Amino acid sequence: MSGLLENFWVLLALKVAIIAAVVPAVSLVFIFAELKISAHMQSRIGPYFAGGRWGWAQPLADGLKFIQKEDLVPDDADRPVFKFAPMVVLMSTLAVFVIVPFSPKLVVRDLDLGVFYALAAGSFGTIGVLMAGWSSANKYSLIGGLRAGAQLIAYELPLVLAVVGVVIQAGTMSFNGIVAAQAAPVFTIGEFAIHLPYLFQGQVIGFVIFIIAMLAELNRTPFDMPIAESELVMGYLTEYSGLRFTMFFLAEYAGMFSMSAIAATLFLGGWYLPGLSSGALEVLGPVILMAKVSLLVFVIIWFRWTFPRLREDQLQSIAWRWLIPLALLNIVGTAIAKVVL
Amino acid sequence: MTDYFQDYITVAVFAGAGIGLVAVAMGASFLLRPHKPSLVKRQSYECGINPVGDGWSQTHVRYYIFALLFLIFDVEAVFIFPWAVRLESLGTFALVEMAIFIVILLGGLVYAVRKGVLRWES
């Protein structure tokens with residue numbers, strides 16, 4: 001048995017199966033959380049019927065309903081591109097999970113270029129969104145797709161530059177290396193070691209910029225102009241129906257999961273919690289990471305009911321005039337601190 | 001097989017899994033869903049009326065200038081990452097050099113903003 005598990009291909013198949021099962025399952029939980037949290041923030045009850053208690057089966061019921069829906073492709077649409085677009089989006093979403101470390105050993109593949117790879121794979125999904133917007137041959141879809149492209153262009157840079165501060169401090173781009181660097185004590189008072197995640201080691205600006213850019217990359221409010229229900233019907237998803245629509249929907253929540261996991265790993269210490277032995281971390285690591293991810297996902301949902309949608313030119317000017325210069329200054333500041341201290 | 005190729009294979013397999021997941025789901029749905037196409041269903045959506053003109057309508061692409069800016073800064077990001085990883089061993093010299101590099105790029109950004117790239121009113 002242990003010999004079989006050491007085979008690269010067997011192990012790889014197992015990892016793919018686990019991720020392909022866990023990611024949609026967690027996404028369903030987040031969809032349900034969004035329904036319930038949104039409802040309570042608006043003094044509603046939200047779903048309460050499906051499944052009995054709290055209406056917990058609502059996302060499952062939605063999924064089952066979508067599977068039975070007719071698959072419509074408009075006559076004018078560019079059929080192959082239209083059909084391929086959801087695949088590209090989900091491809092990028094799943095590819096990001098290769099580097100997310102759930103515990104010291106529980107990571108699909110700890111790439112040396114982890115940070116760089118995560119950002120590249122994450123932004124790849126926008127090509128799928130552009131494909132969806134273009135191939136639909138619908139005015140709303142086209143505008144939605146172009147907006148999504150512009151948004152990626154503007155917010156990819158703050159996202160990338162915000163992460164550089166963490167890379168400078170850790171001196172590595174491997175995700176497990178970055179968590180290990182955060183697990184090292186910052187200073188000791190006698191026998192008592194103080195551990196701090198990078199958020200409290202001077203990366204506050206980096207963290208705030210990362211969260212803002214992350215919202216924009218995920219097309220979440222206040223940056224949901226590509227979908228903007230009240231002006232563009234459903235943006236680039238206007239022509240999608242049934243299961244293809246569900247795939248985009250799933251990818252959005254899986255994206256929330258992956259981006260929150262990246263943010264939690266880079267800035268909040270990932271699977272590490274001070275005071276636990278390495279044996280305990282091996283077991284509790286996934287729980288600790290998921291707790292941090294859930295916190296960030298809650299904040300993302302909270303933002304949706306707090307901020308109004310921005311205007312397209314406001315979006316651009318926030319990115320270019322504030323976030324990018326701030327991120328560059330953050331890099332310079334962190335680098336000076338790293339070299340001098 | 002070396003570690004190097006295992007990295008690439010893992011990434012490729014996971015990307016393929018994304019395609020596979022959609023394909024399997026669409027296959028399962030093919031067995032369950034109805035298929036009754038009609039002319040109205042296959043029409044592009046436009047507020048419930050017959051669509052006017054072409055779906056690929058003319059759009060004011062304001063974004064191309066941002067795309068140019070993006071290219072410059074994205075290349076910069078590619079330079080910054082290796083520098084960030086090795087900064088501790090490279091020391092003050094690399095720090096000063098990168099500071100000069102960033103200041104030059106910031107100058108470019110200031111120039112673009114002053115040129116009115118971000119002002120949308122004509």
Side-chain angles (χ1 to χ4, degrees), chain A residues 8 12 16 19-20 67-76 86-87 90-95 97-98 108-109 111 116 136-139 142-143 146 149-150 153-154 156-157 160-161 164 167-168 171-173 233 238-239 242-243 247 313 316-317 320-321 324-325 328 331-332 335-336 338-339, chain B residues 1 6-7 9-11 13-19 21-23 25-26 28-30 32-37 41-46 51 54-57 59 61-63 66-67 69-70 73-74 77 80-81 84-88 91-92 95 98-99 102 105-106 109 112-113 117-118 120:
Chain A
F8 170 70
L12 182 59
V16 171
I19 291 291
I67 284 183
Q68 299 170 51
K69 290 292 175 189
E70 191 174 352
D71 178 36
L72 294 173
V73 182
D75 269 349
D76 292 341
M87 293 184 176
L90 218 63
M91 194 164 102
S92 118
T93 315
L94 274 189
F97 282 97
V98 169
V108 175
R109 194 89 199 162
L111 304 179
F116 210 65
S136 296
N138 181 309
K139 288 152 199 144
L142 183 61
I143 296 174
L146 283 177
I153 279 176
E156 181 68 13
L157 286 171
V160 169
L161 295 177
V164 174
V167 175
I168 290 174
T172 172
M173 283 202 265
V233 189
T238 303
E239 289 295 351
L243 207 56
M247 288 298 148
D313 62 325
Q316 296 288 346
S317 81
W320 293 103
R321 288 167 72 165
I324 292 175
L328 287 173
I331 291 174
V332 174
I336 290 172
K338 175 84 177 180
V339 170
Chain B
M1 196 164 27
Q6 288 185 354
D7 283 353
I9 290 168
T10 308
V11 170
V13 166
F14 265 76
I19 294 178
L21 206 64
V22 178
M26 290 309 293
S29 148
F30 178 75
L32 291 168
R33 69 187 174 219
H35 184 66
K36 296 193 187 72
K41 277 186 197 168
R42 296 202 312 250
Q43 213 171 37
S44 297
Y45 175 79
E46 201 167 303
D54 192 12
W56 287 296
S57 53
T59 317
V61 184
R62 296 171 191 272
Y63 309 127
F66 298 123
L69 273 178
F70 172 73
F73 277 88
D74 219 28
I80 282 185
F81 269 103
V85 174
R86 302 292 301 158
L87 179 63
E88 198 159 27
T92 320
L95 176 67
M98 189 49 82
I102 287 176
L105 276 159
L106 265 180
L109 186 63
V113 170
V117 170
L118 294 164
W120 280 35

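Each chain gets a letter, A, B and so on, in the order the sequences are listed, and its residues count up from 1. Reckoned from all heavy atoms, side chains included, excluding hydrogens, waters and symmetry mates. Here the structure is a predicted model, which is why all the values come from computation and not from measurement.
Side-chain contact between A:Val160 and B:Phe81 is present, with at least one heavy-atom pair separated by less than 4.5 Å. Here the side chains of B:Val11 and A:Leu111 are in contact, with some heavy-atom distance below 4.5 Å. Within the 4.5 Å cutoff, side-chain heavy atoms of A:Leu328 are placed close to those of B:Phe73. Using a 4.5 Å heavy-atom threshold, the side chains of B:Ile80 and A:Leu161 count as touching. A heavy-atom distance below 4.5 Å is not found between the side chains of B:Arg33 and A:Ile67.
Of all heavy-atom pairs between B:Leu87 and A:Ile168, the closest is CD2-CG2, 3.6 Å. Here the closest heavy-atom approach between residue B:Leu109 and residue A:Pro325 is recorded as CD2-CG, 3.8 Å. Of all the heavy atoms in B:Phe14 and A:Leu12, the pair that sits closest is CE1-CD1, 4.3 Å.
Of the possible donor and acceptor atoms, none in the side chain of A:Gln68 sits under 3.5 Å from a partner among the backbone N and O of B:Ser29.
Heavy atoms closer than 4.5 Å to chain B are found in the side chain of A:Leu72, but not in its backbone.
The only member of B:Leu21, B:Val13, B:Thr10 that meets side-chain contact (heavy atoms from CB on, under 4.5 Å) when paired with A:Val16 is B:Val13.
Your options are A:Ala95, A:Ala154, A:Ala150, and the one with the most heavy-atom pairs under 4.5 Å with chain B is A:Ala150.
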